[in-house]
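By convention in this document, chain letters (A, B, ...) are assigned in the order of the sequence lines, proteins followed by strands, and residues within each chain are numbered from 1.
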Amino acid sequence: MNYFPDEVIEHVFDFVASHKDRNSISLVCKSWHKIERFSRKNVFIGNCYAINPERLIGRFPCLKSLTLKGKPHFADFNLVPHEWGGFVLPWIEALARSRVGLEELRLKRMVVTDESLELLSRSFANFKSLVLVSCEGFTTDGLASIAANCRQLRELDLQENEIDDHRGQWLNCFPDSCTTLISLNFACLKGETNVAALERLVARSPNLKSLKLNRAVPLDALARLMTCAPQLVDLGVGSYENEPDPESFVKLMTAIEKCISLRSLSGFLEVAPLCLPAFYPICQNLISLNLSYAAEIQGNHLIKLIQLCKRLQRLWILDSIGDKGLAVVAATCKELQELRVFPSDVHGEEDNNAAVTEVGLVAISAGCPKLHSILYFCKQMTNAALIAVAKNCPNFIRFRLCILEPHKPDHITSQSLDEGFGAIVQACKGLRRLSVSGLLTDQVFLYIGMYAEQLEMLSIAFAGDTDKGMLYVLNGCKKMRKLEIRDSPFGNAALLADVGRYETMRSLWMSSCEVTLGGCKRLAQNSPRLNVEIINENENNRMEQNEEDEREKVDKLYLYRTMVGTRKDAPPYVRIL
Amino acid sequence: MEKEGLGLEITELRLGLPGRDVAEKMIKKRAFTEMNMTSSGSNSDQCESGVVSSGGDVEKVNDSPAAKSQVVGWPPVCSYRRKNSCKEAATTKVGLGYVKVSMDGVPYLRKMDLGSSQDYDDLAFALDKLFGFRGIGVALKDGDNCEYVTIYEDKDGDWMLAGDVPWGMFIESCKRLRIMRRSDASGFGLQPRGVDE
């Protein structure tokens, strides 16, 4: 089969980067499998419980970069209790023991401890890059070990983590000899920052391209930092004072003007609108803008800024921008590819007339031909609007619509939104991710099963009427990888119709549905390669198995395929069948 | 599968434009909560979504403006974002956020973020660091032994001695801080905290 020596084939494989492709080529023949194994540098593990560290290292001993994901997606919304799992320590221990030449670690929704970070920092001489997204369990002491011990550190990127800020001097722990930093993001730290140490660090990092500050870095420091680092491409602004005096403002504006490489702006965690004009000079260069944490800025200030951002490709914003603001986006940002509109009023307490509606969504779809990803929170929607959006934008890859009130129908016709979503899946042939909301019957799932052939991830909440809904999806969407359902009337009949299907998927989540303990037991019985987890926090009295009623509904079901059987680190309220 | 209080019931009751009629809202909420109760298990007092306690007390639901927000995890905004951009949190920051701090004898003022301290001890530590002076913290904890007193200007514009009120109350009302030389305050008969005369 091989007409070339192994080294040549390996060289060819070097050009194959995507995980899917590499997985495919490793299936061609034994020889290719072996060559691929030893040459694989980047490994992606979508569910840390699908495999264990020993087997991973056994197969890919030369790996340099590891990506691990822990808790299921709904953990973001507090649906997964604390201590559920996703601990990274065993992985780091195993990698250290086997002397893997780890250079990069990317974790999402995992539990990281200071102990793990310390071990990580001491075990891998070439470690270069640490990216932690939505993780928890560690403090700034852990960060101090990374800073102090990773001599080759290029990237420390902390996104939306829960970090206990001991307000120590972790920034001081970067040795004077550390000059290799390319990316530093500590926006999620809540405490004070040693600004002097930060300034010294930035001054000795000529390769620094991405810097994202936390709340504690004030205006005057920002100006000095930007003066030190005019080569920045990506900036996350911390906080602004309420009334910048004219001198500080001018200093800031001068510093910003020099940052001609700046392409991405984010942060603005505490901002006075009067400071935004300082950024006007570089708006024309921006391709990414994230103002979704700037709760105190009103729509008109946002609009003035956005009007200057003609090259924008990615925009994350709050719904305070209003339909009017979205019309401005549609008129200005012709290169827009990704839009996220978050709710500024999460608890639904205010009668907010300025929030966005279906009008804004239609305007965006009409004005931005390159749009392929959208996340849109709104109070109301109509089928007509969705049909128009589908017609305007058949290129959606990700379409996530969240109507804030569950079960809300088309606000003009009072009908369900089946037809609207139906139009979306029918028109968008490349759709890979979909979240539905509003009043929906089984019909919408019939459409999804029929048309959404490329769909890989589907999120369902408060939708459907009968088991048929879930069955349409499972039978129709052959490429489904992640299905997550909450508060919908799907039960055992749907769950058990095709048990083998779940081994073709990464995971299934069902909470507050109609599945029973008996159904889950039957599911688990003949599926050695599935872990079926029942999470029952409140049911303390159900620990005794003799009394349990199989007709009892299950609060939360999380099942996933795995090659290594039941995990040993589950807390007592998680029962693995 | 039997529909229990969801789906068609809601559309049947819709008389006018949805969302306008208060009565409609009440009915919608009831249907919504009923659905939650049935779908989350047979024990009504184990309502996991936390919307309504046992008995389906509709009155309670209607009175509470935050009823919708009691559904766990809805709307699906990730918890980090909720904590960091909730308008509520933003508007209660009267005292939170940056306040000016002056110290007698130091020619320039500083600014510090009260919100990043958890209690008076934290504040003491932070103040020490700010001026590089060990002892301000001592002033807060044990007023008698220090050259300085820590005072703050409250919402009413009065200057108050720091440490008298509970932390939460303090940060709500503190507009600025001043570290004053004790000698400037002498003659005012300041009682040292915690010491009985």
Side-chain angles (χ1 to χ4, degrees), chain A residues 74 76-79 134 160-162 165 167 188 190-192 215-216 218 239 241 269-270 292-293 295-296 318 342-350 377 380 402 404-409 411 414-416 435 439 441 459 461 465-467 486-487 489 491 512-514 537-539 552-553 555, chain B residues 1-4 6-8 10-11 14 16-19 28 31-32 35-36 38-43 46-49 65-91 93 97-98 111-113 115-117 122 125-126 129-130:
Chain A
F74 275 0
D76 284 352
F77 317 128
N78 294 329
L79 287 177
S134 301
E160 305 195 345
N161 302 290
E162 288 295 333
D165 197 330
R167 250 170 291 122
C188 57
K190 291 176 251 198
E192 243 183 84
R215 274 201 157 88
S239 71
E241 291 173 3
L269 306 169
E270 263 176 52
S292 62
Y293 286 101
E296 285 142 34
L318 288 172
F342 294 95
S344 48
D345 169 31
V346 176
H347 298 306
E349 278 154 9
E350 296 170 33
F377 285 84
Q380 62 189 44
C402 178
L404 291 170
E405 193 183 315
H407 302 299
K408 187 152 185 184
H411 76 93
S414 299
Q415 292 184 328
S416 72
S435 299
L439 184 66
T441 72
S459 309
D465 302 319
T466 73
D467 283 331
R486 64 167 290 180
D487 294 279
S512 303
C513 295
E514 302 284 316
E537 274 175 293
N538 298 328
E539 316 279 357
E552 197 72 52
K553 286 197 195 134
D555 275 346
Chain B
M1 187 160 286
E2 195 186 280
K3 290 186 266 281
E4 293 181 71
L6 53 81
L8 293 181
I10 295 174
T11 52
R14 193 156 307 290
L17 288 174
K28 258 195 295 185
F32 172 57
M35 188 227 75
N36 265 304
T38 52
S39 67
S40 60
S42 44
N43 298 332
Q46 295 273 18
C47 193
E48 190 249 319
S49 57
K68 284 178 199 160
S69 69
Q70 287 173 17
V71 179
V72 174
W74 191 265
V77 173
C78 75
S79 52
Y80 175 86
R81 186 172 284 282
R82 267 179 201 267
K83 286 179 202 164
N84 286 284
S85 63
C86 179
K87 249 188 182 161
E88 242 172 47
T91 51
K93 277 190 200 150
Y98 284 87
K111 264 213 167 170
M112 72 169 285
D113 178 10
S116 66
S117 300
D122 267 4
F125 178 73
K129 273 198 344 213
L130 211 55

Practice prompt. With sequence neighbours left out, write down each residue that passes side chain to side chain contact (heavy atoms under 4.5 Å, CB included) with A/Thr441, or none if nothing qualifies.
Written response: A/Ser416, A/Asp418, A/Gln443, A/Asp465
Worksheet entry | A/Arg215 and B/Asn84, any side-chain heavy atoms less than 4.5 Å apart | yes
Discussion item. Check whether B/Trp74 reaches the backbone of A/Glu405 with its side chain - one donor and one acceptor, N or O, closer than 3.5 Å.
Written reply: no
Fill in: Among the listed options A/Pro343, A/Ser292, A/Ser134, the residue most often paired with chain B at heavy-atom distances under 4.5 Å
A/Ser292
Worksheet item: Is any side-chain heavy atom of B/Pro76 less than 4.5 Å from a side-chain heavy atom of A/Phe74?
Response: no
Worksheet item: For A/Glu160, is it the side chain, the backbone, both, or neither that has a heavy atom closer than 4.5 Å to a heavy atom of chain B?
Response: both
Worksheet item: Considering all heavy atoms of both residues, which atom of B/Val72 and which atom of A/Phe77 are nearest to each other, and what is their separation?
Response: CG1-O, 4.2 Å
Worksheet, complete the sentence: In terms of heavy-atom contacts, B/Gly73 and A/Arg486 come closest through O-NH1, 3.2 Å
Worksheet entry | Residues which pass ring-ring contact (aromatic ring centres under 6.0 Å, His included) with A/Phe342, listed by chain and number, not counting sequence neighbours | A/Trp316
Worksheet item: What option among A/Ala461, A/Gly191, A/Cys188 has the most heavy-atom pairs under 4.5 Å with chain B?
Response: A/Cys188
